[in-house]
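Accompanying notes for the structure given below.
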Number of protein chains: 2
Amino acid sequence: MDIAFLNRARACYIERSGDLRTSTLAKAVPNKAKRNQKWQRDPEGMRLRILEAAKQEFATHGLAGARVDRIAVKAGANKRMLYYHVGNKDDLYLTVLEAAYEKIRAEERGLDLEHLDPPKAIARLIDFTWNYFLRNPEFLALLHTENLARARHLKRSTKVKSLHSPFVELIGAVVRRGVASGDFQVAVDPVQLYISIAALSFFYLSNSATLSVIFGRDLLAKRAKDERLDHMVRLVLAALTGKSFAVFDRQPVLEPLATATHIA
Amino acid sequence: MDIAFLNRARACYIERSGDLRTSTLAKAVPNKAKRNQKWQRDPEGMRLRILEAAKQEFATHGLAGARVDRIAVKAGANKRMLYYHVGNKDDLYLTVLEAAYEKIRAEERGLDLEHLDPPKAIARLIDFTWNYFLRNPEFLALLHTENLARARHLKRSTKVKSLHSPFVELIGAVVRRGVASGDFQVAVDPVQLYISIAALSFFYLSNSATLSVIFGRDLLAKRAKDERLDHMVRLVLAALTGKSFAVFDRQPVLEPLATATHIA
DNA sequence: ACAGTATTTATCCAACGAGTTAATTTCGCC
DNA sequence: GGCGAAATTAACTCGTTGGATAAATACTGT
């Protein structure tokens with residue numbers, strides 16, 4: 001969901017300053033072309049734009065740093081609309097947070113690890129996590145913001161609590177299979193493993209700014225990112241299988257994963 | 001540096017409401033006991049209290065969420081003092097950030113890994129990192145805040161950039177020794193390893209609030225923390241040595257580390 | 001004991017930011 | 001073709017907040 005696109009859409013939907021009506025957009029091309037219209041109704045679209053703008057704003061500035069007016073402008077809306085369609089700043093934030101969790105849970109469900117052999121399944125899991133974080137940097141920021149607030153909002157949210165991640169069970173199953181097949185040495189706690197896998201990607205990406213300064217190199221350069229993914233996969237697989245780090249050369253492990261596997 | 005203590009110190013230093021002067025405190029017990037004094041000079045103490053209060057405030061509320069007035073109150077000072085002793089809100093923040101980096105670097109230097117055998121050295125490193133983060137939760141929060149700002153302040157700070165962490169070199173040396181002795185299988189990139197070790201602790205602790213909600217259990221309970229440390233050490237050592245996860249039972253690895261090794 | 005400076009207090013204020021109120025416009029429906 | 005509800009805009013309120021100013025008080029050297 002690209003905010004720039006959404007704004008362009010709105011902007012060109014009704015050419016506010018001129019009379020020109022070039023609305024070639026999908027959905028609601030009005031058949032009666034009234035002139036002099038100042039605005040056009042679009043509740044769902046408005047709500048979407050508002051939430052998208054709010055997500056960006058909360059992600060880049062945190063809860064306290066976010067500005068309601070800025071969200072309105074970014075959404076191409078009037079500030080009153082935020083209150084009309086969603087609620088006050090806190091409601092806005094909670095809605096964004098819930099949507100973020102829903103989104104990642106949905107993508108997680110699309111990943112089937114069941115029929116992969118255990119090492120490949122773990123590798124795919126790491127690859128997915130890494131790429132999801134990479135593609136959704138706001139999610140990282142929102143998570144952190146919520147932790148600053150000691151999960152105050154999350155606790156209130158029945159919605160998020162009902163969204164169980166399928167990963168813990170999946171990892172548990174993969175680990176059991178791995179142990180049975182002899183691929184893995186020990187049955188690690190799936191929660192610990194899940195946290196560790198998330199941690200390896202999360203920390204690198206969410207702290208890439210300060211780490212880049214400290215180490216004096218750009219950790220978000222293509223090369224650096226490739227190396228990181230490689231390192232993480234090797235680290236975890238070496239630990240689980242008891243085989244050497246070196247055994248896991250890139251191609252066989254990383255080849256079948258990649259971005260194509262992700263849901264749109 | 002305990003803010004409550006500092007405040008108590010100040011509060012009892014001059015008993016403002018009564019005449020009673022029970023100043024048993026170190027440093028500057030005034031020999032001429034003037035009566036009716038309204039306040040006492042203490043520039044260094046004031047500065048310390050301000051910075052400590054600011055650290056707490058920035059850590060719990062982020063940069064934008066921090067309130068200058070609240071810092072003043074917490075420091076037992078007048079707001080004007082912040083500007084007098086440190087500078088505006090941004091200066092305050094940068095000073096706090098720099099102090100935080102200085103502190104961890106100082107403790108890092110106190111850790112000598114050179115004469116430990118490689119696996120023990122790595123275990124101690126993990127233990128140190130874990131416990132440092134546990135003892136200094138504000139550091140985690142500050143790091144995140146700074147990353148939200150895309151390291152804007154850090155880049156400006158010549159001080160922090162000059163504070164090289166000794167860990168990258170140390171880890172490099174340990175890894176080389178380990179490879180030479182046959183303990184380790186492959187010479188991993190020390191930067192990657194450093195980041196991974198920090199990541200495993202950082203993510204767990206800084207996101208413990210949301211993770212606890214998601215998993216429905218208290219990740220900061222004593223038991224859970226012990227398990228986490230155990231898991232991290234096993235994970236990394238198994239990966240490096242190529243031996244099984246199970247080989248590393250708790251006692252031998254964790255015994256010689258513990259809190260006593262840390263600098264005050 | 002006195003002058004001059006360092007430190008601290010007591011107010012003030014202009015800008016900002018969240019949230020509201022009321023007026024205006026669109027649109028489905030009869 | 002017009003009525004009423006839904007959607008949107010414009011303008012305003014009012015507490016908060018970072019920062020500034022000036023006055024008061026403690027300390028230092030002489």
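All values reported here derive from a predicted model rather than from experimental measurement. Proteins come first, then strands; the chains are lettered A, B, ... in the order of their sequence lines, and each starts at number 1.
One interatomic measurement links the two molecules: CG of B:N78 to C1' of D:dA23, which rounds to 13 Å at whole-angstrom precision. The separation between B:E44 atom CD and C:dT8 atom C1' is 15 Å, rounded to whole Å. The distance between atom CE of A:M81 and atom C1' of C:dA18, rounded to the nearest whole Å, is 16 Å. For the pair A:D42 CG and C:dC27 C1', the computed distance is 13 Å after rounding to whole Å.
Between the side chain of B:E108 and the main chain of B:S165, no donor-acceptor pair closer than 3.5 Å is present.
When the side chain to side chain donor-acceptor pair (under 3.5 Å) test is applied to B:T60, no partner is found at least two apart in sequence or on another chain. Scanning for side-chain contact (heavy atoms from CB on, under 4.5 Å) contacts around A:A54 gives A:F58, A:I71, A:L92, A:V96, with sequence neighbours left out. Residues that satisfy the side-chain contact (heavy atoms from CB on, under 4.5 Å) test with A:N78, not counting sequence neighbours, are A:R80, A:M81. Under the side chain to side chain donor-acceptor pair (under 3.5 Å) criterion, A:R156 pairs with no residue at all, not counting sequence neighbours. Legend: residues meeting side-chain contact (heavy atoms from CB on, under 4.5 Å) with A:S212, ordered by chain and number and at least two apart, are A:D218, A:L219. Listed by chain and number, the residues in a side chain to side chain donor-acceptor pair (under 3.5 Å) with B:S157 are B:E98 (sequence neighbours excluded). For A:E102, the side-chain contact (heavy atoms from CB on, under 4.5 Å) partners at least two apart in sequence or on another chain are A:K159, A:L163.
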Produce the list of close N/O pairs, under 3.5 Å, pairing protein atoms with atoms of nucleotides 16-19 of chain D; give distances to one decimal.
residue : atom : partner : partner atom : Å
D:dT17  : OP1  : B:R67   : NE           : 2.6
D:dT17  : O5'  : B:R67   : NE           : 3.4
D:dG18  : OP1  : B:A66   : O            : 3.1
D:dG18  : OP1  : B:R67   : NH1          : 3.2
D:dG18  : OP1  : B:K89   : NZ           : 3.3
D:dG18  : OP2  : B:V68   : N            : 3.0
D:dG18  : N7   : B:K79   : NZ           : 3.2
D:dG19  : OP2  : B:Y83   : OH           : 3.2
D:dG19  : OP2  : B:K89   : N            : 3.1
D:dG19  : N7   : B:K79   : NZ           : 3.0
D:dG19  : O6   : B:K79   : NZ           : 2.6

Close N/O contacts between protein and nucleotides 21-23 of chain C (under 3.5 Å):
residue : atom : partner : partner atom : Å
C:dT21  : O4   : A:R80   : NE           : 3.1

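The shortest distance between the side-chain N/O atoms of A:Q40 and the OP1/OP2 oxygens of C:dC27 is below 4.0 Å. Regarding contacts with the backbone of C:dA6, every side-chain N or O of B:H85 stays at 4.0 angstrom or more from both OP1 and OP2.
Note that the two end axes of the helix from C:dA1-D:dT30 to C:dC30-D:dG1 enclose an angle of 10°, each drawn from 5 base pairs, rounded to 10 degrees.
Sorted by first and then second residue, the salt bridge (Lys or Arg N to Asp or Glu O under 4.0 Å) pairs with a member in residues 63-72 of chain A read A:E57-A:R70, A:D69-A:K79; sequence neighbours excluded.
Comparing C:dT9, D:dA7, C:dT8 by their nearest atom to the side chain of B:Y84 picks out C:dT8.
For A:K55 and A:E52, the salt-bridge test passes: some basic side-chain N is under 4.0 Å from an acidic carboxylate O.
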List, one per line, each side-chain donor-acceptor pair under 3.5 Å for residues 136-143 of chain B, sequence neighbours excluded.
residue : atom : partner : partner atom : Å
B:N136  : OD1  : B:K103  : NZ           : 2.7
B:N136  : ND2  : B:Y132  : O            : 3.0

